[in-house]
Novice: 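What follows is a single structure, and I will ask about it in a moment.
Every number for a ligand or one of its atoms is a count from 1 in the order of the listing. Position 1 is the first residue of the sequence, and the numbers go up from there. Hydrogens, waters and symmetry mates play no part in the numbers below; they use all other heavy atoms, side chains included.
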Amino acid sequence: MSLNSFGHLFRFTTWGESHGPAIGAVVDGCPPGIALGEGDIQPWLDKRRPGTSRFTTQRQEPDQVRILSGVFEGRTTGTPISLMIENVDQRSKDYSEVANAYRPGHADYAYDAKYGFRDYRGGGRSSARETASRVAAGAVARLVIPQVRIRAWVEAIGGDAIDPANFDDAQIDANPFFCPDADAAVRWEALIDSARKAGSSLGAVIACEATGVPAGWGAPLYAKLDSELAAAMMSINAVKGVEIGDGFAAAALRGEENADPMRPGEAGPEFLANHAGGIAGGIATGQPIRVRVAFKPTSSILIPVETVTRQGEASNIQTKGRHDPCVGIRGAPVVEAMMALVLADQSLLHRGQCG
Ligand SMILES: Cc1cc2nc3c(=O)[nH]c(=O)nc-3n(C[C@H](O)[C@H](O)[C@H](O)COP(=O)(O)O)c2cc1C
């Protein structure tokens, strides 16, 4: 069984490994006639690109995308769109320690237990290099739903959260952390520097909001928009938690506190709150869709951790190589891409059933 595809009508498949010649995605089901060029995809890849600051991995990948198929005279043809990104900065020798001993927290042991054979160079297919392909596919998805605006930001790093009162959308692209709070961004610099110097790593919470999603997208029960989004976000490397709207905090509220009161508005009901995160009964209400995603700390760290070798002997592993001190930061553009991919799919599904 191979599970490298996601989506129903707007469906994408990713391929490639961290240290292979290239990675990419095949996007199938994209409506025809949409203007698409590499310039529509590249800016999103540039946001996720490694090596842009000392707070991310120092692997230098230009992440230049090439469209190999599915576009003619600048427009999608309705046939599979193949996207390719070359790997140019592989250093496989950096991973010699991983060849024989498993990194606790990474996928090394689990892949070996399943397949009995693995490409350990840079984590092979389990490397988050794969997420560049999702970002490329997500850029195509955005063009299917131009009325939707998707924005993700980092809400907390290492347990240090932004102050919502300081939220400034313009700040998100003004610092290396996708941080909307200028004060928090200053604190995070010191926080990440100290974790990195100690050979450690930090986790992060990413928030993502989609506005302009019309009421009605989604489906009840087994394909709730909540579950589609949760599956999409949970499929991202290092993600260990997903909340829709108030999520776990809703369990501590009373009914009247958690209700999103409604009153008549000019274009249908107007909501006075959004605890539900824009989804009720699995279907969009027209309110902003709100998701929060928890990324664990990077498991490849310099601090030695107890492990076992492939031969089952006790060992200690210290992962050198080049790693993100906080994977959640570069996770933000990936969260945006997954939101776009789910919503593009939902727009086609809704049109298919309801016209
Ligand atoms: C953008 C991004 C970059 C990542 N970079 C690294 C990294 O440099 N080193 C590492 O050990 N894990 C990194 N990860 C996380 C691993 O890919 C992930 O922990 C691993 O595949 C195991 O899967 P799991 O954590 O989902 O169980 C990264 C994740 C993301 C989303």
Novice: Starting at OG1 of Thr52, measure out to CD of Glu61 and round the result to the nearest 0.5 Å.
Specialist: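 Nearest 0.5 Å value for the OG1-CD distance: 12.5 Å.
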
Novice: Can you find an N/O atom of Ser127 closer than 3.5 Å to an N/O atom of ligand 1?
Specialist: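 The answer is no, given that Ser127 and ligand 1 share no N or O pair closer than 3.5 Å.
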
Novice: Could you label the plane-to-plane angle of the Trp153 and Phe167 rings as parallel, tilted or perpendicular, counting under 30° as parallel and over 60° as perpendicular?
Specialist: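 The rings of Trp153 and Phe167 stand perpendicular, inter-plane angle above 60°.
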
Novice: Do His323 and ligand 1 have an N or O pair less than 3.5 Å apart?
Specialist: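 Between His323 and ligand 1, an N or O pair is found under 3.5 Å apart.
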
Novice: Is it true that Arg142 and Asp40 have a side-chain N and a carboxylate O under 4.0 angstrom from each other?
Specialist: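 Judged by the 4.0 Å cut-off on N to carboxylate O distance, Arg142 and Asp40 do not form a salt bridge.
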
Novice: What residue and heavy atom of the protein are closest to atom 27 (O) of ligand 1, and at what distance?
Specialist: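 Heavy-atom neighbour on the protein nearest atom 27 (O) of ligand 1: Lys296 NZ, 3.5 Å.
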
Novice: What atoms of ligand 1 come closer than 4.0 angstrom to any heavy atom of Arg330?
Specialist: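 Listed by number with element: 1 (C), 3 (C).
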
Novice: Quick one: nearest non-hydrogen protein atom to atom 5 (N) of ligand 1, plus distance?
Specialist: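 Checking every protein heavy atom, the shortest distance to atom 5 (N) of ligand 1 gives Asp324 OD2, 3.1 Å.
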
Novice: Where does the angle between the aromatic ring planes of Phe6 and Phe12 fall among parallel (under 30°), tilted (30 to 60°) and perpendicular (over 60°)?
Specialist: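 Correct class here is tilted.
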
Novice: Can you tell me which residue and heavy atom of the protein come closest to atom 26 (O) of ligand 1, and the distance to 0.1 Å?
Specialist: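 The answer is Ala238 N, 2.9 Å.
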
Novice: Any side-chain donor-acceptor pair under 3.5 Å between Arg125 and Thr14?
Specialist: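 Yes, a side-chain donor-acceptor pair sits under 3.5 Å.
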
Novice: Between Lys296 (side chain only) and Gly105 (backbone N and O only), is there a donor and an acceptor less than 3.5 Å apart?
Specialist: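 Indeed, once roles are kept as given, a pair shorter than 3.5 Å links the two residues.
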
Novice: Note the single closest protein heavy atom to atom 16 (C) of ligand 1, along with its residue, its atom name and the distance in Å.
Specialist: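 Sorting protein heavy atoms by distance from atom 16 (C) of ligand 1 puts His106 NE2, 3.7 Å first.
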
Novice: If you count the atoms of ligand 1 from 1 in the order shown, which ones are under 4.0 Å from a heavy atom of Ser299?
Specialist: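 Close to Ser299: 11 (O).
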
Novice: Once side-chain contact (heavy atoms from CB on, under 4.5 Å) is applied, do any residues pair with Ser227, and if so which ones, sequence neighbours excluded?
Specialist: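 With neighbours one apart ignored, the set is Lys224.
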
Novice: What residue and heavy atom of the protein are closest to atom 13 (C) of ligand 1, and at what distance?
Specialist: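 Checked against all protein heavy atoms, atom 13 (C) of ligand 1 sits closest to Val327 CG1, 3.4 Å.
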
Novice: Looking only at non-hydrogen atoms, which of Thr298, Thr57, Ile236 approaches atom 10 (C) of ligand 1 most closely?
Specialist: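 Residue with the shortest heavy-atom distance to the ligand atom: Thr298.
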
Novice: Could you identify the single nearest non-hydrogen protein atom to atom 31 (C) of ligand 1 and state the distance to 0.1 Å?
Specialist: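 Here the closest protein heavy atom is Asn237 O, 3.4 Å.
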
Novice: Atom 11 (O) of ligand 1: which protein heavy atom is closest, and how many Å away?
Specialist: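 Closest protein heavy atom to atom 11 (O) of ligand 1: Ser300 OG, 2.5 Å.
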
Novice: I need the nearest protein heavy-atom contact for atom 21 (O) of ligand 1: residue, atom name and distance, please.
Specialist: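 Nearest protein contact, heavy atoms only, for atom 21 (O) of ligand 1 is Ser126 O, 2.7 Å.
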
Novice: Step by step, work out the side chain to side chain donor-acceptor pair (under 3.5 Å) result for Ser300 and Thr319.
Specialist: CA-CA 5 Å; Ser300 304; Thr319 312; 4.6 Å; no

Novice: Mark the output for Val334 as yes if a heavy-atom distance to ligand 1 is under 4.0 Å, and as no if none is.
Specialist: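 Val334: no contact with ligand 1 (<4.0 Å).
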
Novice: Once side-chain contact (heavy atoms from CB on, under 4.5 Å) is applied, do any residues pair with Ile67, and if so which ones, sequence neighbours excluded?
Specialist: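 For Ile67, the residues satisfying side-chain contact (heavy atoms from CB on, under 4.5 Å) (neighbours in sequence not counted) are Leu36, Glu38, Ile41, Val71, Ile81, Leu83.
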
